[in-house]
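Throughout, a chain's letter reflects where its sequence line sits, starting with A, and its residues are numbered from 1. Source: prediction; values computed, not measured.
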Amino acid sequence: MRLTIRWLMIGCMGIALAFVCWANPSVAQDVPLIYTGVPEGSVWLGVKLGEHESNILGRFTGQTYAIKTMDPEALLNANLEPLPTAIIAATDVEHLRKLSAKFAPLGVAVFNVASDDEALRQACLPGLLHTPPSARMKADAVAQWQKKHPEAKVEAWAWHPDFEKFAGRDLNNRFRKAHQVPMDSEAWSGWAALKMVSESVARTQSINPQQILTYLREEMEFDGHKGMPQTFRDTGQLRQPLLMVMAGKLVGEAPVLGVVDTSNLDSLGLPSCKAITKQ
Amino acid sequence: MKALTGVMILCIALAGKAMAEPTYRIFVTNEKDNTVSVIDSRTNKVEATIKVGHRPRGIGLSPDHASVYIALGEDNAIGVIDTKTLKVVKSIPSGSDPEAFAVHPNGHIYLSNEDANLASVLDPVSGELLAEIPVGIEPEGVGITPDGKRVMVTSESTNMVHVISVPDHKSIANILVGARPREVTFSDDSKWGYVTSEIGGQVTKFDVAASKIVKTVKLTSIKKVKPKGALLSRDQKTLYVSTGRADSIAVLDADNLELQTTIPVGKRVWGLALSRDSSRLYTCNGIDNTVSVVDTAAQKEIAKIAVGDMPWGVVIDD
């Protein structure tokens with residue numbers, strides 16, 4: 001009996017201590033991030049889940065995230081002091097080009113989280129990073145799939161709410177729990193941008209935009225819950241497996257097994273800036 | 001102090017006495033069909049298939065080997081199987097979605113609650129939840145140093161090893177490692193820890209006392225490598241790493257992490273167990289629905305045993 005009480009006390013002390021530890025985190029650094037575009041819809045919900053998960057990471061590595069929203073025109077005209085660590089942009093192509101022109105010389109990464117525009121990848125704009133698959137990536141995935149299933153009317157998506165492999169199930173559950181709606185491709189693209197920024201900040205222990213951009217381009221190996229490390233091409237495009245969908249139902253993955261080498265993500269889309277001149 | 005040491009020695013002696021004759025049984029969790037396969041390690045034959053609760057994954061033995069614990073993710077519980085009678089004797093509420101766990105020398109179960117960003121401490125005797133410790137996103141692997149002083153939990157979606165002290169459950173350090181860390185194991189002297197990173201394709205060795213990484217190696221020379229399970233040989237010289245979709249065991253020098261060879265086994269290899277004499281390594285092949293038996297001296301698979309649907313984890317009572 002006495003022993004039980006002792007263990008109980010030790011247990012209680014443990015709980016109390018754990019609580020005290022978490023109630024008093026050491027002074028955390030605020031990471032300045034800007035979201036530009038309409039703060040609603042799937043992309044925004046993805047960004048919000050990413051922000052939440054970045055704060056969980058930051059609890060252990062000493063940062064907090066509270067993303068600020070700005071209208072694209074206002075952002076283009078603003079004189080930002082301090083500079084944001086990164087910009088998340090869900091805007092049209094024209095604004096993306098202008099944002100890149102303004103912020104690339106300042107060394108700030110601009111994440112395109114909404115456009116699949118092929119020309120934007122071919123432009124190889126410095127500082128512009130693309131989390132959604134490009135139009136050509138999706139077309140290549142469909143073409144690979146149709147080599148095996150010639151008649152299939154299939155689509156290639158960045159994400160699917162029924163995807164379970166590679167802890168896809170966990171990510172889908174987290175999104176549904178946070179927002180009460182299924183996670184789609186747009187949401188994935190928004191979520192991925194935030195996760196990559198916070199991981200870069202945690203690993204470099206820096207909020208300097210140039211340092212983060214360099215880390216993202218050169219060292220980042222992102223786990224986007226798609227089973228392979230994801231890195232950026234020199235075009236700014238994030239390499240990624242795609243999910244094959246027929247009439248809304250998940251049917252497979254690309255690169256397509258039996259058609260190409262599934263470990264090489266460069267069978268989808270424009271592999272590099274150099275490859276443009278070759279075409 | 002002397003008295004305390006005396007009590008401890010007595011306890012260890014008693015525990016030793018209490019340890020019954022081994023059953024030589026291998027226990028395997030089958031994630032998809034909610035069963036545990038029981039294999040006789042002397043014959044490599046399945047002697048029983050036990051219905052357990054839902055989504056059995058993590059598996060471990062009580063310090064006296066009298067009980068086999070099973071993490072039942074969809075039942076939010078730890079199931080308990082009597083090692084001798086093979087009866088499911090109880091199911092202990094564990095907090096939400098337990099995936100993996102480790103058993104402390106004092107008998108307490110430290111487990112990861114995958115969807116709650118927590119590690120929980122469970123007393124399997126009283127059924128009491130003793131503590132909940134906040135960790136990162138998708139906590140998975142749990143390791144306890146053999147000296148019982150540190151618990152380490154990997155969080156797969158924050159890419160960390162969380163170092164927690166025992167018994168006060170203080171956060172000592174949070175070590176960033178490669179993407180999707182899955183499992184952590186320790187040397188017998190509690191000096192060195194090893195963690196596998198599935199998406200990073202790497203193994204990291206760290207100094208336990210300093211909570212500092214000493215070496216990281218990429219295993220990406222092995223095509224499709226996804227490091228998952230990790231175990232040290234009894235002589236502490238070799239680290240065995242299961243490689244997931246690369247369908248093999250990577251054999252590493254535990255000192256410098258140099259890759260020595262790979263041993264082909266079944267498809268999507270995850271859980272590992274080693275016989276007491278270090279001569280046999282058992283591997284869970286999730287897509288094959290088999291367990292491979294590897295002769296560690298010959299570095300060769302010598303048998304493949306059909307088990308249930310999607311084997312995940314394995315322990316041996318020998």
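Heavy atoms closer than 4.5 Å to chain B are found nowhere in A:Asn173, neither backbone nor side chain. Heavy-atom distances place no part of A:Ser54 under 4.5 Å from chain B, backbone and side chain included. Using a 4.5 Å cut-off between heavy atoms, A:Asn55 does not touch chain B at all. Proximity to chain B (any heavy atom under 4.5 Å) is shown, for A:Gln230, by neither the backbone nor the side chain. Looking at B:Glu198, neither its backbone nor its side chain comes within 4.5 Å of chain A, counting heavy atoms on both sides. Heavy atoms closer than 4.5 Å to chain A are found in the backbone of B:Val177, but not in its side chain.
Looking at B:Glu99, its side chain never comes within 3.5 Å of a backbone N or O of B:Leu72 through a donor-acceptor pair. Formation of a donor-acceptor pair under 3.5 Å by the A:Asn264 side chain with backbone atoms of A:Asp266 is found in this model.
Residues of residues 157-166 of chain B lying within less than 4.5 angstrom of chain A, judged on heavy atoms, are B:Ser157, B:Thr158, B:Asn159, B:Met160, B:His162 in numerical order.
Separation of the A:Trp188 and A:Phe175 ring centroids does not fall under the 6.0 Å cut-off. In this structure, A:Trp191 has its ring center closer than 6.0 angstrom to the ring center of A:Phe222.
Interface check for chain B: of the options A:Arg203, A:Met228, A:Glu221, the most heavy-atom pairs under 4.5 Å are formed by A:Arg203.
The aromatic rings of A:Phe163 and A:Trp159 sit perpendicular to each other, their planes meeting at more than 60°, with 30° as the lower class boundary. Ring geometry for B:His104 versus B:Tyr110: interplanar angle of 30 to 60°, hence tilted.
The side-chain tip of B:Arg55 does not point at the ring of B:Trp312 from less than 6.0 angstrom away and within 45° of straight on.
Remark: B:Glu138 engages B:Arg180 in a salt bridge, criterion side-chain N to carboxylate O under 4.0 Å.
Using a 4.5 Å heavy-atom threshold, the side chains of A:Met137 and A:Leu242 count as touching.
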